[in-house]
Structure formats: C-alpha cells, structure tokens
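What follows is one structure encoded as structure tokens, with my remarks underneath.
Sequence lines set the chain letters: A, B, ... in the order given, protein chains first and strands last, and positions in each chain run from 1.
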Protein chains: 2
Amino acid sequence: MSLRHVLLCQLSTAPKSGYDLTVALDRSIRQFWHASHQQVYRELAKMTELGWVDFEVEQQPKKPDLKRYYVTQAGLEALSAWAGSEIPALKIKNEMLIRLLAMPQVGAAPVVASFEQELARVNALLSELSSMHSTYFKSVPPNGNPTQLAMYLSLQYGIEYWSMTARWLQQTIGLLSGPSH
Amino acid sequence: MSLRHVLLCQLSTAPKSGYDLTVALDRSIRQFWHASHQQVYRELAKMTELGWVDFEVEQQPKKPDLKRYYVTQAGLEALSAWAGSEIPALKIKNEMLIRLLAMPQVGAAPVVASFEQELARVNALLSELSSMHSTYFKSVPPNGNPTQLAMYLSLQYGIEYWSMTARWLQQTIGLLSGPSH
DNA sequence: TGACCCATGTAAGGGGTTACATGATTTG
DNA sequence: CAAATCATGTAACCCCTTACATGGGTCA
C-alpha cells in the first residue's frame with residue numbers, strides 16, 4: 001500500500017534510518033498517515049528486496065548499528081509511476097454508521113451517548129488542526145514550494161473532514177435525542 | 001471489528017444464511033460497509049464459537065445445504081454492550097494526501113492527472129447517492145422508525161463526505177494547475 | 001453452450017496492531 | 001532511581017483481498 005510511497009518520499013529528501021522515519025512520520029503527518037516502527041522496518045526490508053531502496057551500515061560507538069537507507073533509481077521510477085496511476089477507490093468504513101444500524105435492537109440512548117463522546121473528541125482534534133493551520137499558514141503557500149503546498153492542502157483536508165464529521169454528529173444527536181423528549 | 005456487529009444487526013431482524021447476508025450487505029449498505037463472502041463466512045464461524053449466533057442446517061433437494069443463522073441471547077447482549085462503548089479513534093488514511101507528498105520528486109502534472117480522474121469518479125458516486133436520497137427520502141423519517149432513520153443518516157453522511165472530497169479536489173486541482181500556467 | 005445464480009468453503013498473502021526482547025545513554 | 005531516547009528487530013494475531021474449488025439449476 002501507500003506506506004511504501006510515504007517512506008520513499010521521506011527518503012528522497014535525505015537518507016534516513018528506520019528509526020528516523022518512524023519519528024519523522026509521527027511528528028509530521030501523524031494525523032494523515034500513521035505507522036508503527038514495526039511496519040516501517042518491514043516495509044524497508046521489502047523495498048530493499050524490490051531494489052527500491054538500499055542502505056549503508058554505520059557502526060556507532062556504544063550504540064546499535066545504524067542502517068542509513070537511500071532511494072535507488074528504481075525506487076524513484078516506482079514513485080513516479082505510482083504518482084500518476086489511478087487512485088484506488090476508497091470505501092467508507094465508519095463505525096458510527098454501524099451504531100445507527102443497531103438502534104432497532106438496542107435503542108437510541110447508548111448510541112447517542114457514544115456519539116456525544118465522539119463529538120467531544122472530534123472537536124478537540126479540530127481545534128488542534130486549526131491552531132496548526134493558523135500558526136503555519138497565514139496565507140496559501142506559493143505553487144513553487146510543493147512541500148509547503150502539500151502540508152497546507154493536507155491540513156485543509158483534515159479540517160474539512162473533521163468539520164463535516166462534527167456537523168453530522170451534531171445533526172444526528174439532535175435528531176435522535178430531540179423530538180422524542 | 002465492526003463487521004461482526006453489522007451481521008448481528010442483519011440477523012436480528014430475521015435468521016439468514018451466509019449467502020443471504022453477503023447479498024443483503026451488497027444490496028443495502030455496500031457504500032458504507034463492504035465485505036466479501038469469505039469474510040462473512042469467517043465471521044459467522046467465529047461468532048458461532050463465541051456463542052453469539054447459532055444455526056440450523058436445512059437440507060435442500062438438489063442444492064447445497066443451507067445454514068440458517070440466528071442471534072443468541074449472548075449475541076444480543078454483546079450488541080448492546082458494543083453500541084454504547086467508546087467509538088475507536090478513526091485515523092484518516094487517504095492516498096490522495098500521499099500523492100501530494102510526492103510532488104517535490106515527481107512534479108505536479110501526474111498528481112493533477114490522477115486527481116482529475118478521481119474527481120470524475122467522486123462526482124459519479126455523488127450523483128448516485130443523490131438520486132438514492134431523492135427517491136427514498138422526500139422528508140426526514142420519524143424518530144419512531146430507527147431503521148429508516150439509520151439509512152437516512154448514513155446516506156446523509158455519504159453525501160456530505162463525498163461532497164467535501166469533491167470540493168477539496170476542485171480546490172486542489174485549481175491550486176496545482178492554475179497559477180503556474 | 002456459456003454465463004449467471006445458489007451455497008459453501010480453503011489457501012495464500014498483504015497490511016496492521018500489540019506484545020516482547022535487547023541494551024547503552026541521557027534526563028528528571 | 002526511574003523514565004525516556006536511540007536503534008533494531010521477532011512473534012502472534014486480526015482483518016481483508018484475491019484466487020481457487022465444487023456442483024447442480026436456470027436462462028439466453
């Protein structure tokens with residue numbers, strides 16, 4: 001899947017270790033693509049097999065050896081081919097919708113309770129994303145800076161996604177708990 | 001995960017076979033939770049082990065045996081407990097955002113091309129959902145009909161989700177292809 | 001005759017999570 | 001003294017996808 005391409009992107013700016021990649025992922029795009037260190041090491045091993053990346057071992061005094069990975073020509077070509085290929089259809093899989101399905105059996109009350117909890121979580125996330133937006137992007141970054149543009153548009157997506165979710169939750173809680181009381 | 005609970009919901013209205021469940025899923029909530037027949041059979045086997053469902057075998061002349069599953073008391077209790085429990089945090093995992101990350105390496109052109117294709121697909125989906133909405137829901141279903149309400153709110157969610165995506169794609173394509181031309 | 005419907009599965013592999021393992025160094 | 005940081009992994013398990021398997025009945 002796409003984790004492979006996330007790692008290729010990160011590596012193509014500068015060679016990095018699996019540890020570096022894990023930390024960088026967690027610091028920068030955690031909200032938009034999450035991966036554990038186990039996954040990162042597995043993907044690096046697979047991409048090495050595929051010839052997309054290679055590494056040099058650096059011996060460190062009093063520390064474990066460090067494997068510094070870099071992207072090969074084949075890796076760059078794979079990234080290019082992927083970037084223009086058809087985006088695989090994304091299927092909505094949202095547990096909230098399944099809770100709704102359970103209402104005929106379990107009633108609205110527990111569902112509304114879990115939705116209210118979820119709305120609080122979503123609002124917290126939204127304010128986090130909003131503050132990121134206002135600190136990093138006073139204006140739309142120029143087209144000439146693709147890295148900044150990518151971050152700006154991802155943040156934009158996250159804010160719109162969670163705003164939409166919050167609106168839907170509010171409307172739904174209202175419908176489920178309002179009229180019958 | 002939630003497939004288990006989807007199946008419990010479907011079974012609690014009337015006993016069904018694995019085949020019935022697969023077909024019903026594909027006909028009704030395909031847009032919101034998809035599962036292959038292999039998954040359905042596996043979940044049924046696991047839920048039988050757990051004691052959440054049980055089945056009766058019906059011999060059919062000139063057809064394979066049919067296993068008619070029904071929900072047990074323990075299954076109903078599991079469904080209730082789940083419906084009010086905390087909703088696990090949903091992480092955004094959207095390949096579009098990773099394409100953006102690749103722009104510094106591969107340029108904007110292939111990314112924009114794949115986004116335009118995606119926008120067409122999203123618009124097609126949206127018009128499908130809109131027509132479902134206008135044929136089934138002339139007005140908001142009453143609170144007393146939870147099955148209808150669940151379908152209404154799911155459709156609502158789908159329409160808002162894909163509208164948001166379409167807007168974002170349009171904005172993004174504009175930003176990536178507009179100013180530099 | 002070939003395709004689709006009914007009805008059940010097995011098998012292999014990809015992607016992801018959680019837990020476990022090691023071991024020195026730095027920080028509170 | 002305990003926790004966090006650096007740095008690598010293994011193992012077991014869950015969920016999901018794709019391909020393969022069987023075999024009669026219906027319909028164009």
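Among pairs with a residue in residues 7-25 of chain A, none fulfils salt bridge (charged side-chain N to carboxylate O under 4.0 Å, His left out), at least two apart in sequence or across chains. Sequence neighbours left out, not one pair with a member in residues 162-172 of chain B passes side-chain hydrogen bond (donor to acceptor under 3.5 Å, both in side chains).
Every residue two or more places apart in sequence or in another chain was checked for a ring pair (Phe, Tyr, Trp, His ring centres under 6.0 Å) with B:Tyr19, and none qualifies. For A:Phe137, the ring pair (Phe, Tyr, Trp, His ring centres under 6.0 Å) partners are A:Tyr152, not counting sequence neighbours. A:Arg42 is linked by a salt bridge (charged side-chain N to carboxylate O under 4.0 Å, His left out) to nothing, counting only residues two or more places apart in sequence or in another chain.
Nearest heavy atom pair, residue A:Tyr41 against residue A:Gly18, reads CE2-CA, 3.7 Å. Minimum interatomic distance between B:Asp65 and B:Gln59 (heavy atoms only, all atoms of both residues): OD1-CG, 3.4 Å. Across all their heavy atoms, A:Ser134 and A:Lys138 have their closest contact at O-NZ, 3.5 Å.
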Please tabulate, for the side chains in residues 43-55 of chain B, all donor-acceptor contacts under 3.5 angstrom to protein atoms that are two or more places apart in sequence or on a different chain.
residue	atom	partner	partner atom	Å
B:Glu43	OE1	B:Arg4	NE	2.7
B:Glu43	OE1	B:Arg4	NH2	3.3
B:Thr48	OG1	B:Leu44	O	2.6

Table please: side-chain donor-acceptor pairs of residues 98-126 of chain A below 3.5 Å, with sequence neighbours left out.
residue	atom	partner	partner atom	Å
A:Arg99	NE	A:Glu95	OE2	3.4
A:Arg99	NH1	B:Trp82	O	2.9
A:Arg99	NH1	B:Ala83	O	3.1
A:Arg99	NH1	B:Ser85	O	2.6
A:Arg99	NH2	A:Glu95	OE2	2.6
A:Gln105	NE2	B:Ser12	OG	3.2
A:Ser114	OG	A:Val111	O	2.9
A:Glu118	OE1	A:Arg121	NE	3.3
A:Glu118	OE1	A:Arg121	NH2	3.3
A:Glu118	OE2	A:Arg121	NH2	3.0
A:Asn123	ND2	A:Leu119	O	3.4

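Distance CG (A:Leu7) to P (C:dG16): 11 Å, rounded to an integer number of Å. Between B:Leu66 atom CG and C:dC6 atom C1' there is a gap of 9 Å when expressed in whole angstrom units. What separates CD of A:Gln59 from C1' of D:dC6 is a distance of 16 Å, to the nearest Å. When rounded to the nearest whole Å, the span between CZ of B:Phe55 and C1' of C:dG9 equals 13 Å. Counting to the nearest Å, the P atom of D:dT10 and the CG atom of A:Leu44 are 13 Å from each other. At whole-Å resolution of the value, CG in B:Asp65 and C1' in D:dG24 are 13 Å apart. Atom CD in B:Glu58 sits about 12 Å away from atom C1' in C:dA7, given to the nearest Å.
Annotation: proximity of residues 16-25 of chain A to DNA chain D (heavy atom, distance under 4.0 Å) is found for A:Ser17, A:Gly18, A:Tyr19, numbered in ascending order. Shown for residues 82-102 of chain A: no residue has heavy atoms falling under 4.0 angstrom of DNA chain C. Listed in residue order, the members of residues 29-42 of chain A having a heavy atom less than 4.0 Å from DNA chain D are A:His37, A:Gln38, A:Tyr41.
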Please write out the pairs of protein N or O atoms and N or O atoms of nucleotides 12-14 of chain D separated by less than 3.5 Å, giving the distance to one decimal.
none

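Taking five base pairs at each end of the helix from C:dT1-D:dA28 to C:dG28-D:dC1, the local helix axes there meet at an angle of 40°, rounded to 10°.
Considering only heavy atoms from C-beta on, B:Leu3 comes within 4.5 Å of B:Leu7 through its side chain.
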